[in-house]
Amino acid sequence: MSAIHIVRDYPHPPAKVWRAVTDPALIPLWTATGAGARPEGFATTVGTEFQFIAKPKPGWSGIVDCVVLEVDEPRLLRYSWTDHGGGQTTEVTYRIESRGAGTSFTYDHTGFAGAGGFFMAQILGRVRRKMLSVGLPAVLDDLDEAGRLRPGSGLRRRI
């Protein structure tokens with residue numbers, strides 16, 4: 001089994017980080033540093049079926065089917081992840097913990113099996129590291145204390 005495990009610390013309160021990673025209008029802003037996925041039908045309610053839709057690439061439709069498996073707002077979000085074209089189902093978990101004056105965010109994507117799974121974990125891992133090191137900090141920095149984009153924000157959806 002292969003997995004992706006990324007931990008990042010942000011100088012923002014947990015509620016702001018939760019908002020950035022779960023608000024359907026904000027998610028495409030920080031995922032834009034990767035494939036730019038936007039969630040369709042997403043809600044932080046267990047059992048919600050939704051899709052991430054990104055720009056298609058050769059050999060990939062750009063669609064991922066997901067189901068929300070566990071929510072403990074504002075600390076935990078866990079959902080399944082299956083390529084729309086089929087294949088193995090994996091799981092993504094976000095853990096948010098208060099750390100001093102900021103937040104520790106842990107991203108885990110588990111369940112990759114076999115050589116194909118190893119290859120997929122390597123590709124997705126590079127993309128996720130960039131999203132969490134470049135994309136998410138930019139969104140967090142542009143949110144006001146109420147979790148809204150500041151007037152004049154240069155962040156825009158790319159899809």
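Small disclaimer: the values here were computed from a predicted structure and weren't measured.
Between the side chains of Ser153 and Asp142, at least one donor N or O lies within less than 3.5 Å of an accepting N or O.
Taking the side chain as every heavy atom from C-beta outward, Asp23 and Trp18 never approach each other to under 4.5 Å.
Minimum heavy-atom separation, Ala20 to Leu140: CB-CD2, 3.8 Å. The two residues Thr48 and Gly41 make their nearest non-hydrogen contact at CG2-O, 3.2 Å. In this structure, Val46 and Val71 approach most closely via the heavy-atom pair CG2-N, 3.9 Å. Leu143 and Lys16 get closest at one heavy-atom pair: O-NZ, 3.0 Å. Here the shortest heavy-atom pairing between Pro14 and Thr103 reads N-OG1, 2.9 Å. Heavy atoms only, all atoms of each residue included: Thr82 and Gly87 are closest at CG2-O, 3.8 Å.
For the atom pair CZ (Arg19) and CD (Glu73), the distance works out to 10.5 Å, reported to the nearest 0.5 Å. Taking CD1 from Ile6 and NZ from Lys130, the interatomic distance works out to 13.5 Å, rounded to the nearest 0.5 Å. In this structure, OG1 on Thr22 lies 6.0 Å from CZ on Phe42, to the nearest 0.5 angstrom. Ile123 CD1 to Arg128 CZ: the interatomic distance, rounded to the nearest 0.5 Å, is 11.0 Å.
The aromatic rings of Phe112 and His109 sit tilted, their planes meeting at an angle between 30° and 60°. Between Tyr10 and Phe105, the ring-plane angle classifies as tilted under the 30° and 60° cut-offs.
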Exercise for the section: For the pair Gln88 and Met120, evaluate side-chain contact (heavy atoms from CB on, under 4.5 Å) and give the outcome as yes or no after the intermediate values. Expected result: CA-CA 11 Å; Gln88 61 186 309; Met120 185 57 65; over 6 Å; no

Problem - Pair Thr106-Ile96, side-chain contact (heavy atoms from CB on, under 4.5 Å): steps then yes or no - result: CA-CA 7 Å; Thr106 302; Ile96 296 172; over 6 Å; no

Handout entry: Evaluation steps, side-chain contact (heavy atoms from CB on, under 4.5 Å), between Trp81 and Asp83
Key = CA-CA 7 Å; Trp81 173 283; Asp83 180 68; over 6 Å; no

Practice task
In sequence, state the C-alpha distance, the side-chain angles, and the governing distance for Val21 and Trp30, and then conclude on side-chain contact (heavy atoms from CB on, under 4.5 Å).
Solution key: CA-CA 8 Å; Val21 299; Trp30 61 270; 3.9 Å; yes

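Between Arg38 and Glu40 there is a salt bridge, with a side-chain nitrogen of the basic residue lying less than 4.0 Å from a carboxylate oxygen of the acidic one. For the pair Arg150 and Asp141, the salt-bridge criterion is not met [side-chain N within less than 4.0 Å of a carboxylate O].
The hydrophobic cluster containing Trp60 also contains Val92, counting ILVMFWY residues as joined when their side-chain heavy atoms lie under 4.5 angstrom apart, directly or transitively. Leu76 and Ile4 are not part of a single hydrophobic cluster, where members link through side-chain heavy atoms under 4.5 Å apart. At a threshold of 4.5 Å between side-chain heavy atoms, the hydrophobic network of Ile, Leu, Val, Met, Phe, Trp and Tyr places Leu136 and Val7 in two separate groups.
The distance between the ring centers of Tyr79 and Phe50 falls below 6.0 angstrom.
Side chain of Asp72 to backbone of Arg75: no donor-acceptor contact under 3.5 angstrom is found. A distance-only check finds a donor-acceptor pair linking the side chain of Arg129 to the backbone of Gly125 [under 3.5 Å]. Thr31 contributes a side-chain N or O that, together with a main-chain N or O of Ala37, makes up a donor-acceptor pair within less than 3.5 Å.
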Do any side-chain atoms of residues 62-70 form donor-acceptor pairs under 3.5 angstrom with protein atoms, and if so which ones, sequence neighbours left out?
residue: Asp65; atom: OD1; partner: Gln51; partner atom: NE2; Å: 2.8
residue: Asp65; atom: OD1; partner: His84; partner atom: ND1; Å: 3.2
residue: Asp65; atom: OD2; partner: His84; partner atom: ND1; Å: 2.9
residue: Glu70; atom: OE1; partner: Arg78; partner atom: NE; Å: 3.0

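Crowding of Arg95 atom CZ: a count of heavy atoms from other residues, nucleotides or ligands under 6.0 Å not exceeding 12.
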